[in-house]
Amino acid sequence: MRKLPKRTYNDELYRDEWQWQEGDLTVTRNCQWSGPGCHEGCGVLHYTDKEGRVVRIEGDPKSPVYNGRLCMRCMAVPEAMYNKMRVTNPLKRAGERGENKWEEITWDEAYAIIEENAKRLSAAYGPKTIAVLQGTGRNTSWQAAAIANVAYQTPNLMFGFLAGDSCYVPRLVGMSSVAGDASIMDCAQMFEDRYDNPRYVVPEICIVWGNNPIISNGDGFMGHWIVDLMRMGTELIVIDPRLTWMAGMAKHWLRVRPGTDGALALAMIDVIIKEDLYDHEFVDCWCYGFDQLKERAAEFPLDVAEHITTIPADLIQAAARDYAKAKPAAVQWGLALDQQKHGLGANHAIQALWAITGNVDVPGGNILVTSGYIQADVRTTFQWDVPEAYARLGNAESKLRAQGMDNSAATEILIKALETGEPYPVKMIHCTSSNTFANMGAEAERVYKAMLNAEFIVVSDLYLTPTAVGTADVFLPVAMSAERKGVRGWWAPIRAINKVSDYANTKSDEEIALDIGRRMNPEAFPWKTLEEMWDDIMNNLQSANFDDGEPFSYDNLQKRTYRYEVFEYKKYEKGLLRADGLPGFNTPTGRLELWCTTLNSCDLEPLPYFEEPSPSPFSTPDYASEYPLILTTGHRSWEFFHSEHRNLRSMREFHPWPLVDIHPDTAVKYGIKEGDWVLIENHRGSAKEICRLNPSMDPGVVSAEHGWWFPEREAALPELYGVFESNINMLTPSTDVGPSGLAAPYSTQMCRISKVEGYVPPEISL
Ligand SMILES: Nc1nc2c(c(=O)[nH]1)N[C@H]1C(S)=C(S)[C@@H](COP(=O)(O)OP(=O)(O)OC[C@H]3O[C@@H](n4cnc5c(=O)[nH]c(N)nc54)[C@H](O)[C@@H]3O)O[C@H]1N2
Ligand SMILES: Nc1nc2c(c(=O)[nH]1)N[C@H]1C(S)=C(S)[C@@H](COP(=O)(O)OP(=O)(O)OC[C@H]3O[C@@H](n4cnc5c(=O)[nH]c(N)nc54)[C@H](O)[C@@H]3O)O[C@H]1N2
Ligand code: SF4
Ligand SMILES: [Mo]
C-alpha cells in the first residue's frame with residue numbers, strides 16, 4: 001500500500017474572528033444548514049450587503065470539517081433566497097384545494113386558524129388525529145418533533161410518507177439493536193486537528209457500500225473525507241450497480257444486483273471465517289452469537305453468492321480477503337441498504353463484517369458515536385410526555401416501534417388511516433419540510449389523494465411546492481439558513497448558525513414550534529421569546545461531553561464557530577457505553593450481537609439474512625416477463641437535493657430534465673437513443689425521463705432519478721406543476737415494508753421502457 005504522509009489542512013489556526021468587514025460587505029463565518037436543505041450544514045462565509053442581503057457565499061477555508069469546500073447548490077444560495085417563488089407572507093387558501101388561490105394573512109391569523117382546527121379536532125378524536133409529517137434530517141427535525149409531540153401532543157410524528165422510514169432509520173435501528181449505539185466511518189471528524197491527531201490511523205481499505213458520498217454527503221458524512229484518505233493511501237472497494245466516480249477509482253468495484261447486498265455480505269463473512277481471517281480476540285471477548293453467524297454465512301458459498309448477486313466469485317473472494325487483512329478498515333454505507341425490503345438483514349450482515357474483522361471503535365475503523373444526535377438533547381428542554389403514545393400508528397404492527405426503537409409513526413398505516421378511518425381517523429396534517437408526493441412518498445398519486453381526506457392541512461415550506469398547492473389550507477413561509485439563529489447539532493462538532501439576514505415576513509421552524517406550542521400547550525412552552533428558548537436549549541446541551549473548561553453559551557459557540565466533544569476509542573473496553581458503567585456494549589448481553597436478542601424479542605430474524613427481492617427475475621418470473629428490467633431509483637445528482645432546486649435557473653441549466661440511466665445495448669433493444677424521452681412503466685404507474693446511456697451498468701438494470709416536478713409549469717390543477725409526469729414514485733409501493741416495519745423497496749422494483757414519441761416539454765422559463 002502506498003503510504004503518504006498525513007496531510008495538514010489547518011495550516012493556520014482556524015479559529016478566527018467570526019465576523020469582519022470587507023469593503024462594503026460584512027463577512028460572517030457561518031453554517032449553511034437548511035433551508036434549502038442538505039444534511040451537512042457546511043462551514044461557509046456569508047457576505048451580506050448594507051441592506052442585509054446575502055450577495056455571495058464561499059466555503060470557509062478555515063473550517064476543520066470542510067476546509068473551504070462548497071457544492072454548486074450552496075453557491076446558488078442567494079438565487080434560492082431571492083427566488084421569485086419565495087413566499088413572503090403566511091397564506092390562507094382562497095379557492096378549492098389545488099386551485100392555487102391564496103389570501104395573504106398575518107402570522108397571528110394563521111396561528112389562530114391552526115389553533116382552532118387543532119383544538120376542535122383533538123377534542124373530537126384525541127390529539128392522535130393530528131399527523132405531523134417531516135422531511136429528511138436537517139434543521140427542521142427536532143422542531144417537527146416539538147410541534148408534534150409537545151405542541152399538539154400527538155404521537156404521530158413521521159416522515160412525509162417515506163415508506164418503511166427507509167432513510168437511515170433502518171440502519172440506525174439496526175445498529176442500536178445489534179451494537180447498542182450508532183457507528184460511522186472514522187475520518188478523524190471527531191478531532192479538531194483532524195488527520196493530524198496522533199490517535200488517528202488512516203484506514204488501509206474503505207468499503208463504500210450503496211453510497212455515493214461525494215455527491216450525497218449524507219447523514220453528516222462528508223464524501224470528500226474519503227478523497228482526503230485516498231490521498232493518504234486508503235484503497236477503495238465500491239459496491240454499487242453503477243460505476244460511480246469512487247467505483248472508477250477503486251481497487252475492486254463489485255457491481256451488485258440491486259437488493260442482493262445481504263447475500264454479498266454473508267458470502268464475504270463466509271470467506272473470512274473459512275480462511276480464518278477474522279479477529280479471534282474481538283470475537284471471543286466482545287461478540288455474541290458467532291457460531292450461529294458462521295452457520296448462516298455458510299449458506300452463502302461463493303458460487304451461490306455469484307448467482308444471486310451477479311458478481312464474479314473471485315471478485316467477492318478478493319474483496320473479502322483484502323477487507324479482512326487491512327488494518328484498520330472501514331465501511332461507509334448508504335441509502336441503498338435502507339431501500340430494499342430486507343435491508344435490516346443486510347445491514348446486520350455488514351455490521352457483522354466490521355465486527356468480526358475487529359474494526360469496531362478503533363482508529364480508522366467504524367467508530368461508535370454515543371451522542372450522534374446532540375439535537376436529541378434538545379428534547380430534554382421540553383416536557384416530552386405524549387399522552388397517547390401507546391396509540392402511535394404502527395405500534396400495533398411492529399414490536400420494534402412499540403419498544404421505542406424507532407421514534408416515528410408508520411406511514412404505511414397512516415395512508416390506510418387516511419383512506420379508511422382505521423385504526424382511527426386522521427383529520428389533520430401538519431406537513432413541514434416535506435414535499436410528500438413530489439418526492440418522499442411511494443405511490444405518489446395515492447399519497448396525494450389520501451392526504452385530501454384530511455379535513456385540515458398546514459404546510460410550512462420555503463416555496464409553494466406541489467404538496468402545498470395541492471393540499472394546504474394554511475401555508476407558513478419559512479426562513480432560510482442565513483435568516484435563522486440556531487445550532488447545528490447532528491454529529492460532531494456542534495456549530496453556530498448565525499442570523500445575518502432577514503427576509504420579508506418569514507419565520508424559522510423553531511419560532512413556529514414555539515408560537516404553536518404557546519397556543520396549544522403553554523406549560524411546555526414557558527418562553528416569551530425565541531432568545532429565551534435558545535438559552536434553555538443551550539443549557540441542556542451541556543449534557544454532551546464538551547469538557548474543555550470553557551463556558552457553554554450561544555455567544556461562546558458563535559465566537560468559536562465549532563465546538564468538539566471529548567472522544568474516546570474502544571469505549572467498550574473502558575465502560576463508557578453502558579449506564580451501569582461496566583465494560584461492554586449497550587446491549588442486553590453486553591456484547592455486539594451477531595445473534596441479536598433485541599430483534600429476536602421483537603419476533604424478527606435474530607441473524608443477518610438475505611431474502612430474494614420481490615419482484616425480481618427469480619422470485620416473480622411471470623411479472624418479469626412483462627416488466628423485464630430491474631429498476632433502482634433515486635441516485636443523487638450534484639444539482640438537486642431531492643425535489644429542491646428545480647426552481648433555480650442555474651441548476652436547471654446544468655440539469656434541465658430527469659434522467660434515467662440505461663445500458664446502450666438495452667437502449668438499442670428498445671429503439672431508444674441518448675436524449676430520447678423514455679416511458680418507464682410497471683403495473684402501478686409510469687414516469688417519463690430522458691435516456692442517459694450508461695455502459696457501466698448491467699444491461700438488465702435501469703436507474704431512474706426521483707424528486708421531479710416542474711416549477712416552470714402551471715401550479716394549479718390539473719397540471720400541479722406536472723408532478724405526476726416524471727415522478728418515479730408512481731412505480732414504487734407505499735405499504736410493502738420489511739418485517740420490522742422498516743425499510744422499503746425503492747431500489748428493487750421492475751419495469752419496462754419504451755420511447756415516448758414526439759414529446760416536447762414546455763420551455764423552462766424560470
Ligand atoms: N424513488 C425514490 N424516492 C425517494 C428517494 C429515493 O432514493 N428514491 N429518497 C428518499 C429519501 S432517502 C428521502 S430522505 C426523502 C426526502 O424527502 P423530503 O425531505 O420531503 O425532500 P425535499 O425535497 O428535500 O424537501 C421537501 C421540502 O422541504 C422544504 N424545506 C427545505 N428546507 C426547509 C426548512 O428549513 N424548513 C422547512 N419547513 N422546509 C424546508 C423544501 O423547500 C422542500 O419543498 O425522499 C425519498 N424519496
Ligand atoms: N445532492 C444530493 N445529496 C443528497 C440528497 C439529494 O437528493 N441530492 N439526498 C440526501 C438524502 S436524504 C440521503 S438519504 C442521502 C443518500 O445518499 P446515498 O447513500 O449516497 O444514496 P444514493 O445516491 O441514493 O445511492 C447511492 C448509490 O447506491 C447505488 N445503488 C442503488 N441500488 C443499490 C443496491 O441495491 N445496492 C447497492 N449496493 N447499491 C445500490 C446507486 O447506484 C448509488 O450510486 O443523500 C443525501 N444527500
Ligand atoms: S454538502 Fe454541499 S450543499 Fe450541503 S451544505 Fe455542504 S456545500 Fe452546501
Ligand atoms: Mo434520505
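- Side-chain contact between Tyr125 and Val426 is absent, with no heavy-atom pair separated by less than 4.5 Å.
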**Asked** Could you go step by step and tell me if Arg93 and Trp102 meet the side chain to side chain contact (heavy atoms under 4.5 Å, CB included) rule?
**Response** CA-CA 5 Å; Arg93 178 164 62 76; Trp102 306 95; 4.1 Å; yes

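- The neighbour count for Arg120 CZ, taken as heavy atoms of other residues, nucleotides or ligands under 6.0 Å away, is above 12.
- Note on ring orientation: taking the six-membered ring where Trp is involved, the planes of Tyr448 and Phe437 are tilted (angle from 30° to 60°).
- Between the side chain of Asp338 and the backbone N or O of Tyr168, at least one donor-acceptor pair lies under 3.5 Å.
- Ring pair His706/His642 is perpendicular by interplanar angle, where above 60° counts as perpendicular and below 30° as parallel.
- In this structure, Arg401 contributes its side chain and Asn395 its backbone to no donor-acceptor pair below 3.5 Å.
- A donor-acceptor contact shorter than 3.5 Å links the side chain of Asn521 to the backbone of Val150.
- In this structure, the ring pair (Phe, Tyr, Trp, His ring centres under 6.0 Å) partners of Phe641, at least two apart in sequence or on a different chain, are His39.
- Between Phe640 and Trp708, the ring-plane angle classifies as perpendicular under the 30° and 60° cut-offs.
- In terms of heavy-atom proximity, Asn211 sits nearest to Ser216 at ND2-OG, 4.0 Å.
- Within 6.0 Å of atom CE in Met85, more than 12 heavy atoms from other residues, nucleotides or ligands are found, so the atom counts as buried in its surroundings.
- Counting only distance, with no hydrogens or angles, the side chain of Ser460 and the backbone of Thr432 share no donor-acceptor pair below 3.5 Å.
- The environment of NZ in Lys485 is crowded: more than 12 heavy-atom neighbours from other residues, nucleotides or ligands sit within 6.0 Å.
- Listed here is the closest heavy atom pair of Arg484 and Gln143: NH2-NE2, 3.5 Å.
- The side-chain tip of Arg519 does not point at the ring of Tyr111 from less than 6.0 angstrom away and within 45° of straight on.
- To the nearest 0.5 angstrom, Asn647 atom CG is 12.0 Å from Ile764 atom CD1.
- Ion pairing between a basic and an acidic side chain is recognised when a charged N comes within 4.0 Å of a carboxylate O; Lys416 and Glu397 show no such pairing.
- Annotation: side chain of Arg713 is in contact with side chain of Glu725 (closest heavy-atom distance under 4.5 Å).
- Here the side chain of Arg646 pairs a donor or acceptor atom with the backbone of Glu644 at under 3.5 angstrom.
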**Prompt:** Given Glu79 and Arg649, is the side chain to side chain contact (heavy atoms under 4.5 Å, CB included) satisfied, shown in steps?
**Reply:** CA-CA 8 Å; Glu79 195 185 341; Arg649 195 189 169 84; 3.6 Å; yes

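- Rounding to the nearest 0.5 Å gives a distance of 9.0 Å between CD of Gln32 and SG of Cys42.
- Of the possible polar contacts, none joining the Asn498 side chain to the Val500 backbone as a donor-acceptor pair under 3.5 Å is found.
- Relative to the six-membered ring of Trp33, Arg138 misses at least one condition, a distance below 6.0 Å or an angle of at most 45° to the axis.
- More than 12 non-hydrogen atoms from other residues, nucleotides or ligands lie less than 6.0 angstrom from NZ of Lys119.
- Ala442 and Val447 get closest at one heavy-atom pair: O-CG2, 3.3 Å.
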**Request:** Could you go through the side chain to side chain contact (heavy atoms under 4.5 Å, CB included) check for Ile113 and Ile105 one step at a time?
**Result:** CA-CA 11 Å; Ile113 300 171; Ile105 53 175; 4.1 Å; yes

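- If you take NZ on Lys128 and CD on Glu388, they are separated by 4.0 Å, rounding to the nearest 0.5 Å.
- Using a 4.0 Å cut-off between a side-chain N of Lys or Arg and a carboxylate O of Asp or Glu, Lys499 and Glu511 do not qualify as a salt bridge.
- Side-chain contact, Ser734 with Glu443: a donor N or O sits under 3.5 Å from an acceptor N or O.
- The closest side-chain donor-acceptor pair between Ser643 and Asn435 falls under 3.5 angstrom.
- Using cut-offs of 30° and 60° on the angle between ring planes, the pair Tyr759 and Trp677 is perpendicular.
- Contact detail for Arg488 and Cys31: the closest heavy-atom pair is CB-SG, 3.8 Å.
- Annotation: the span from Leu766 atom CG to Leu648 atom CG amounts to 8.5 Å, rounded to 0.5 Å.
- The environment of Phe654 atom CZ is sparse: at most 12 non-hydrogen atoms of other residues, nucleotides or ligands sit within 6.0 angstrom.
- Here the options are Leu679, Ile672, Val660, the test is side-chain contact (heavy atoms from CB on, under 4.5 Å), and the partner is Ile753; only Ile672 passes.
- Between the side chain of Ser434 and the main chain of Cys431, no donor-acceptor pair closer than 3.5 Å is present.
- Separating the CH2 atom in Trp142 from the CD1 atom in Ile537 is a distance of 3.5 Å, to the nearest 0.5 Å.
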**Item:** CA sep, side-chain torsions, deciding dist, call: Tyr424, Asn156, side chain to side chain contact (heavy atoms under 4.5 Å, CB included)
**Value:** CA-CA 12 Å; Tyr424 50 78; Asn156 289 320; 2.9 Å; yes

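- When every heavy atom of Ser726 is checked against every heavy atom of Glu689, the shortest pair comes out as O-OE2, 3.8 Å.
- Using modelled atom types, one side-chain atom of Arg392 and one backbone atom of Asn407 make a donor-acceptor pair closer than 3.5 Å.
- Judged by distance alone, with hydrogens and angles left aside, the side-chain atoms of Thr411 form no donor-acceptor pair with the main-chain N or O of Leu414 at under 3.5 Å.
- Here Phe475 contributes atom CZ and Leu464 contributes atom CG; the two are 5.0 Å apart, rounded to the nearest 0.5 Å.
- Under 4.0 Å is where a charged nitrogen must lie from a carboxylate oxygen, and between Glu712 and Arg652 at least one such pair does.
- A pairwise comparison of heavy atoms in Ile497 and Ser481 identifies CG2-O, 3.9 Å as the closest pair.
- Side chain of Ser166 to backbone of Gln339: no donor-acceptor contact under 3.5 angstrom is found.
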